[in-house]
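Report on the following structure.
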Amino acid sequence: MSKLLTASYKGARDWYPEDIRIRNYIFDTWRKVALSYGYEEYDAPLLEPIEIYEAKSGQELVSEQTYQFTDRGDRRVAIRPEMTPSVSRMLAAKRQETPLPARWFSIAQFMRYERPQRGRDREFWQLNCDIFGDESVLSEAEIIVMASDLLKAFGASDDQFVIRINNRRIINFMMAQYLSLDSGQAQLMIKLFDRRNKVSAEDFRDQAGDIFGRDNSEVGLRKLTQLLAARSMADLPEEIRESNAVKEVQDLFTQLERAGLKNAVFDISLMRGLDYYTGIVFEVFDTHPENTRSLFGGGRYDGLVGMFGAEPLSAVGFAPGLSTVQLFLETHKLLPDLGSATDIYAIPIGDSLRGTQKLVTKLRQQNIRVELDFSERKFDKQLKTAIKKQIPYVLFVGEDELSQELYTLKNITTGTEEKLIFDDIVKVIHRNHN
RNA sequence: GCGAAUGUAGCUCAGUUGGUUAGAGCGCUGGAUUGUGGUUCCGGAGGUCGUGGGUUCGAGACCCAUCGUUCGCCCCA
């Protein structure tokens with residue numbers, strides 16, 4: 001028999017205690033922000049019938065990138081690659097009884113079969129925040145402000161990220177009416193816009209010319225250049241500027257300014273790949289010169305709940321991923337030094353294990369987290385273990401301490417120690433909790 | 001799925017034009033030190049050189065394949 005490998009499955013990582021500290025810190029912060037906006041937490045099954053993904057979005061997601069199998073009852077199922085179809089299904093199932101507007105969030109685990117890269121694993125976690133049942137642009141405003149707050153809750157400042165905003169309806173109008181492209185051409189042009197920063201100006205021009213075709217490429221390219229030069233909505237050609245879709249974006253910006261958001265910009269070239277977006281779309285970008293990647297995005301998708309046969313329900317949402325947010329925080333040095341969640345490492349000295357056990361039990365009843373070392377190893381080994389585990393306090397319990405009921409509490413960070421009675425130990429630790 | 005780089009101890013890496021028994025630092029572990037650390041000193045464990053073939057008298061090194069990792073492409077819900 002060959003030796004078993006210790007490596008984790010490709011694209012999935014092991015989460016050691018020190019990794020979980022970071023993950024919990026990020027999840028806790030997300031949850032705090034979502035709850036502060038009155039969002040309610042939900043979850044959905046890890047497995048879904050494959051059809052709910054087939055019915056929407058790009059075919060590649062379903063055919064190439066889902067983990068799927070046939071279960072013992074011949075049902076075709078997939079490990080969820082995203083949350084939006086599941087939450088839409090849940091809303092559709094309780095369409096009549098759910099109080100609207102509904103503000104829901106989840107922190108959940110997903111899998112996609114794709115090539116792992118920096119910030120992109122096959123197994124990943126995402127926060128999903130959605131607001132259902134409100135048609136106004138106030139929903140978009142709330143979602144975008146919340147997205148910004150989410151990064152600020154980690155200590156990020158306005159200049160460390162930028163929120164780019166566009167409207168699918170502007171894109172549609174631009175492609176069909178203004179550039180006179182049919183739907184196939186529009187599809188290609190959207191993809192080209194999407195990778196505008198990855199290709200050279202010449203290649204962009206050449207490929208755009210190909211999409212327009214021989215007869216129209218000159219006029220088309222002139223119009224395209226004009227569009228891409230637009231730094232604000234005021235720069236847009238008049239026919240586009242007058243459209244309702246642009247008005248909607250203007251309303252949104254008024255709301256965002258009112259909320260004090262300074263780092264949102266209009267970007268006519270922002271597309272977002274997903275087919276189901278129907279209105280305003282946005283994407284948050286890191287502004288760090290070495291990491292100008294897209295962090296996460298979202299937008300309005302009004303068609304999904306209706307797919308389940310329920311009366312249609314409008315929706316606006318976004319979904320940041322754990323690994324991209326973690327990379328953002330690392331890039332900007334925003335991750336705090338996260339110590340152990342344990343408060344005290346208790347070390348019995350000499351023949352005092354029984355007395356220490358009793359003391360530890362009393363401490364735990366006071367909501368204090370105590371790890372007891374009953375290894376009977378040499379004293380300095382036990383102390384080193386506590387230090388290595390980054391536990392903030394060590395409690396020495398010897399026979400003298402037990403008889404006097406006065407215990408030695410050592411603060412590992414400062415190196416100082418005090419002789420304290422039980423109640424004072426509790427006070428010190430409780431103060432440390434805040 | 002495509003392209004490129006890369007793989008030697010737990011980690012970071014040396015290893016000469018192919019030449020005996022595979023090296024360092026850090027880490028781990030035991031002791032010096034029976035109630036106080038991350039310092040110091042001494043000892044120890046840990047590698048079929050990613051894997052499988054091939055070339056050669058001889059391969060960690062050269063060739064082929066394969067797997068993993070990283071960076072791009074594709075895609076990005």
Side-chain angles (χ1 to χ4, degrees), chain A residues 2-3 5-13 16 48 52-66 78-88 108 110-122 124 126 128 130 190-192 194-195 197-199 203 270-277 281 283 290-291 293-299 301 304 317-321 323-324 345 347-352 373 376-391 393-402 407-417 419:
Chain A
S2 66
K3 197 165 63 178
L5 300 173
T6 58
S8 61
Y9 169 70
K10 184 182 172 75
R13 45 172 305 197
Y16 288 91
E48 289 280 3
I52 80 168
Y53 305 111
E54 282 171 341
K56 55 120 253 178
S57 72
Q59 276 305 300
E60 179 159 5
L61 171 59
V62 178
S63 57
E64 313 279 343
Q65 298 192 337
T66 52
I79 297 175
R80 61 186 175 196
E82 58 166 326
M83 191 56 106
T84 307
S86 298
V87 70
S88 299
F110 306 90
M111 293 193 84
R112 289 179 201 166
Y113 193 88
E114 60 186 339
R115 193 76 181 242
Q117 283 177 41
R118 181 178 160 82
R120 250 170 76 177
D121 288 328
R122 288 179 168 180
F124 59 98
Q126 279 187 346
N128 277 259
D130 294 278
I190 285 172
K191 302 264 185 217
L192 181 60
D194 228 6
R195 51 173 200 271
N197 292 326
K198 291 179 176 177
V199 299
D203 285 352
L270 179 74
M271 296 289 143
R272 289 192 64 72
L274 208 56
D275 292 346
Y276 57 60
Y277 288 115
V281 289
E283 198 155 344
E290 281 158 31
N291 191 41
R293 59 167 59 225
S294 161
L295 291 169
F296 60 90
Y301 55 100
L304 239 46
F318 72 104
S323 48
T324 43
Y345 196 77
I347 301 180
I349 299 160
D351 190 22
S352 55
D373 190 330
E376 298 188 307
R377 287 175 303 169
K378 289 176 69 172
F379 181 76
D380 61 327
K381 300 292 176 196
Q382 299 192 40
L383 182 56
K384 279 186 186 174
T385 302
I387 291 161
K388 191 154 186 192
K389 288 177 180 232
Q390 293 182 281
I391 296 171
Y393 289 95
V394 168
L395 190 64
F396 300 122
V397 188
E399 285 154 45
D400 293 348
E401 280 88 346
L402 285 170
Y407 312 98
T408 309
L409 185 70
K410 185 182 183 85
N411 181 325
I412 294 299
T413 353
T414 63
T416 57
E417 56 186 62
K419 293 222 165 215

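Fair warning: this is a prediction, and the values are worked out from it, not measured in the lab. Just so you know, these numbers use all the heavy atoms, side chains as well, and skip hydrogens, waters and symmetry mates.
- Note on Gln117(A): a base of the nucleic acid sits closer than 4.0 angstrom, heavy atoms only.
- The base-pairing partner of G72(B), taking Watson-Crick or G-U wobble contacts with both distances under 3.5 Å, is C2(B).
- In this structure, G47(B) forms no base pair with any nucleotide, since neither Watson-Crick nor G-U wobble geometry is met with both distances under 3.5 Å.
- For A9(B) and U29(B), the C1' atoms lie 15 Å apart once the distance is rounded to whole Å.
- As judged by a 4.0 angstrom heavy-atom cut-off over every strand, Lys388(A) is placed among residues touching the sugar-phosphate backbone only.
- Base pairing of C62(B): its partner is G54(B), meeting the Watson-Crick or G-U wobble criterion (both donor-acceptor distances under 3.5 Å).
- For U16(B) and A32(B), the C1' atoms lie 41 Å apart once the distance is rounded to whole Å.
- In this structure G37(B) sits in no base pair that meets the Watson-Crick or G-U test at under 3.5 Å.
- Of the nucleotides present, none pairs with G27(B) by Watson-Crick or G-U wobble criteria with both distances under 3.5 Å.
- Within 4.0 Å of Gly350(A), counting heavy atoms only, lies no atom of the nucleic acid at all.
- One N or O donor and one acceptor, one from the side chain of Arg120(A) and one from the base of C76(B), sit under 3.5 Å apart.
- The same atom, P, is picked in G60(B) and in U55(B); the two are 16 Å apart, to the nearest Å.
- Taking atom C1' on both U6(B) and G27(B), the two are 24 Å apart, rounded to the nearest angstrom.
- Counting non-hydrogen atoms under 4.0 angstrom, Gly321(A) reaches nothing in the nucleic acid.
- Here, A4(B) and C49(B) have their C1' atoms 24 Å apart, quoted to the whole Å.
- Residue Ile412(A) is in base contact, counting any heavy-atom pair closer than 4.0 Å across all strands shown.
- Under 4.0 angstrom from either OP1 or OP2 of U69(B) there lies at least one side-chain N or O belonging to Lys10(A).
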